[in-house]
Amino acid sequence: MTPLAKLLEAALFASAHPIPLAELAELDPEAPLAAVTAALEELREHYNVDGHGVELVELGGGWQILTRAEYTEAIERAQLASRPQRLSAAALETLAIIAYRQPIGRAEIEEIRGVNVGGVLKSLHERGLIEVTGRSEGVGRPLQYGTTPLFLEHFALRHLQELPRADELAIALRAEPTPVE
Amino acid sequence: MTPLAKLLEAALFASAHPIPLAELAELDPEAPLAAVTAALEELREHYNVDGHGVELVELGGGWQILTRAEYTEAIERAQLASRPQRLSAAALETLAIIAYRQPIGRAEIEEIRGVNVGGVLKSLHERGLIEVTGRSEGVGRPLQYGTTPLFLEHFALRHLQELPRADELAIALRAEPTPVE
Amino acid sequence: MADEQLTLPSPTGEAAFVVDLKAFSGPLDLLLSLIREEQLDIYDIPIARIAEQFLARIRTLGLNDAADYLEMAARLLRIKAQMLLPRGEEEAWEDPRAELVRRLLEYQQMREVVDLLERRGEERRNQFARTFVPPDAPPPPAPLALSLSELLAAVDRVLRAARRPNVHDVVSRPLNVPGAVAIIRDLLQLRARVLWTEIVNRDAEPSFVLSTLLGLLELAKLGELRVHQPKPFANVEIERDAAGEAA
């Protein structure tokens with residue numbers, strides 16, 4: 001590929017949006033517009049003839065490199081199949097507190113955990129594990145959170161009362177096999 | 001290029017972050033892992049030999065296509081993308097300590113750096129370079145910090161083991177304080 | 001990264017001046033650069049001299065308001081005083097500088113890693129990753145890998161970590177739907193319209209919440225009331241159903 005085509009490729013790859021021809025031309029102030037269009041043609045040809053997973057297209061007044069349609073399905077499938085996501089320790093602890101103390105406001109959770117939980121609450125909410133159940137009567141009437149039916153479903157619980165009581169929990173958690181001495 | 005290399009290229013082009021090998025392998029469930037690594041090698045070769053504006057690199061626990069450094073300036077000048085801000089010395093020192101000593105609490109970091117690191121930890125956390133990994137058993141059960149995959153990505157490290165071992169560092173406490181004669 | 005500048009009010013109340021803390025990333029950094037400038041042996045620091053220079057430097061840099069630097073200055077002066085004490089038995093003598101030397105070496109080692117990170121970070125900064133990713137429909141989220149034992153382990157962590165370990169016990173109390181139905185009926189006798197939060201207060205037991213919810217659904221099914229939520233997350237309004245009443 002010519003140096004100009006390589007420069008265009010790098011810019012098209014890095015840009016946050018499709019790039020209009022005029023902007024592409026600014027990449028190399030010495031290159032005449034004709035050279036830029038020729039380099040674009042060269043890049044497009046290269047992707048097509050050489051056989052690439054991507055193609056160069058002109059859409060909505062700008063140029064962009066796009067994944068070829070024939071591969072999008074495999075990519076989406078792979079994203080789905082990618083290993084199930086785990087919750088962070090912070091998210092788990094917050095969820096545990098909400099499960100046992102619902103309805104509970106953000107300030108009370110932060111009081112227990114000693115850290116800001118804004119981001120964690122948002123992500124638990126997006127995952128559908130918690131929901132806003134109302135507002136408390138306190139100053140500013142802060143939002144109260146509780147667990148959702150999906151939460152119960154996820155842990156195969158019929159209702160919240162199936163969660164072990166805190167004192168039973170201590171025993172259950174210690175029941176791990178003790179290392180042989 | 002082989003069909004598998006094209007598929008990998010399509011997926012890598014569509015991602016803003018490194019893709020772990022395991023996820024790349026899921027793109028074609030029938031391809032053995034050896035075929036995937038061979039296709040990655042093919043793609044890397046193709047970019048290098050054929051002369052492209054981008055290259056394929058292994059970092060942050062996965063594979064990623066990046067623009068070649070030689071085009072950075074032109075792309076930035078044309079305002080098509082901009083480089084992230086450099087980290088401050090305070091941030092780098094804190095990261096270096098966390099990278100080597102993780103999981104580590106705030107007090108220990110402050111002990112090594114000799115300064116308060118509350119603000120630095122907050123901003124490293126906001127940038128996604130560190131995360132809370134748990135709490136230590138110590139008094140007050142302080143939070144423990146560790147580095148994230150984004151940390152590796154930011155410093156183009158394949159994995160943490162790529163950092164020199166403490167005893168490989170030049171001044172690695174090699175000479176014990178000489179006993180007083 | 002936050003701009004690490006402190007604007008310090010001058011003690012005389014004159015124009016405030018700005019201290020550039022960036023010149024040094026901390027007292028250990030300043031100390032090390034003094035040792036380097038003077039080409040001193042880190043294992044045999046002339047502590048009186050270095051303490052004096054440290055103090056002079058934080059004065060000229062205007063760092064004397066920065067607690068971390070002051071703390072180090074105090075430490076140096078302490079070591080200086082200890083060095084002056086009679087040593088007594090030579091064998092039992094512990095060099096009061098030992099801890100400082102250890103910290104300086106540790107710090108220097110860390111700085112070496114910083115150099116490496118800086119280099120690698122700079123290389124990476126010079127390459128762009130893909131930023132424009134064409135808007136596809138977001139794929140459904142990956143399934144969540146989360147087991148009950150993990151959740152319970154988290155509860156345990158919270159219980160042990162909480163300053164006041166007052167996480168409520170979930171009491172295995174049977175649901176009392178008839179009781180809740182009675183309460184709701186009584187309330188609706190008094191008022192034609194009540195709010196959910198008037199029935200269920202914020203620290204209600206989960207069993208009561210559930211009982212009330214089931215009771216409401218039961219009464220709605222019987223046509224005795226209507227449940228209405230004006231918008232998502234809004235309070236639930238419960239109204240006596242006139243038609244149901246008539247029937």
Side-chain angles (χ1 to χ4, degrees), chain A residues 1-20 22-29 31 39 43 46-47 50-55 65-83 88-93 113-116 119-120, chain B residues 1-16 19-20 22-29 43 46-47 50-55 65-83 122 125-126 128 131-135 140-144 146 148:
Chain A
M1 285 206 279
T2 58
L4 187 54
K6 288 196 266 183
L7 173 58
L8 293 180
E9 183 185 42
L12 288 162
F13 177 80
S15 166
H17 53 87
I19 313 178
E23 279 180 45
L24 284 171
E26 285 176 33
L27 281 162
D28 181 356
L43 189 58
H46 178 86
Y47 286 155
D50 216 47
H52 273 261
V54 294
E55 60 184 332
I65 300 173
L66 291 179
T67 301
R68 280 187 200 277
E70 59 202 283
Y71 299 115
T72 50
E73 203 191 316
I75 293 170
E76 274 169 28
R77 208 176 43 232
Q79 277 169 344
L80 268 182
S82 62
R83 66 212 179 307
S88 66
L92 262 176
E93 292 183 15
R113 291 214 46 239
V115 291
N116 182 302
V120 171
Chain B
M1 284 206 279
T2 57
L4 186 55
K6 285 197 267 183
L7 173 58
L8 295 179
E9 182 186 42
L12 289 162
F13 249 87
S15 171
I19 308 179
E23 267 174 54
L24 289 171
E26 303 219 16
L27 285 163
D28 181 355
L43 191 57
H46 177 86
Y47 287 154
D50 216 50
H52 271 262
V54 294
E55 62 181 327
I65 298 176
L66 294 175
T67 60
R68 286 185 195 277
E70 58 203 281
Y71 302 114
T72 304
E73 215 178 298
I75 293 170
E76 205 166 42
R77 208 174 40 232
Q79 297 182 356
L80 293 170
S82 58
R83 279 182 277 193
K122 184 158 175 285
H125 191 260
E126 277 166 4
E131 64 190 347
V132 174
T133 56
R135 287 177 185 274
R141 308 208 3 107
L143 295 176
Q144 301 276 94
T148 61

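All heavy atoms count here, side chains included; hydrogens, waters and symmetry mates do not. Throughout, protein chains are lettered first and strands after them, A, B, ... in sequence-line order, and every chain is numbered starting at 1.
Counting heavy-atom pairs closer than 4.5 Å to chain A, the top residue among B/Ala11, B/Ser82, B/Ala22 is B/Ala11. For the set B/Ala78, B/Gly51, B/Ala74, the count of heavy-atom pairs under 4.5 angstrom toward chain A peaks at B/Gly51.
In this structure, A/His17 and A/Glu23 have side chains that are in contact, with non-hydrogen atoms separated by less than 4.5 Å. Using a 4.5 Å cut-off on side-chain heavy atoms (C-beta onward), B/Thr72 and B/Glu70 make no contact. The side-chain heavy atoms of A/Leu12 and A/Leu24, taken from C-beta on, include a pair separated by under 4.5 Å.
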Quick one: do B/Glu9 and A/Tyr47 satisfy side chain to side chain donor-acceptor pair (under 3.5 Å)? Show the steps, please.
CA-CA 11 Å; B/Glu9 182 186 42; A/Tyr47 286 155; over 6 Å; no
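If you measure heavy-atom distances from A/Ala90 to chain B, you find no contacts under 4.5 Å at all. Both the backbone and the side chain of B/Val54 have a heavy atom closer than 4.5 Å to some heavy atom of chain A. Heavy-atom distances place both the backbone and the side chain of A/Leu7 under 4.5 Å from chain B. Contact of B/Leu43 with chain A is not made at all, since no heavy-atom distance falls under 4.5 Å.
Below 30°, between 30° and 60°, or above 60°: for A/His52 and A/His46 the angle between ring planes is between 30° and 60°, a tilted geometry.
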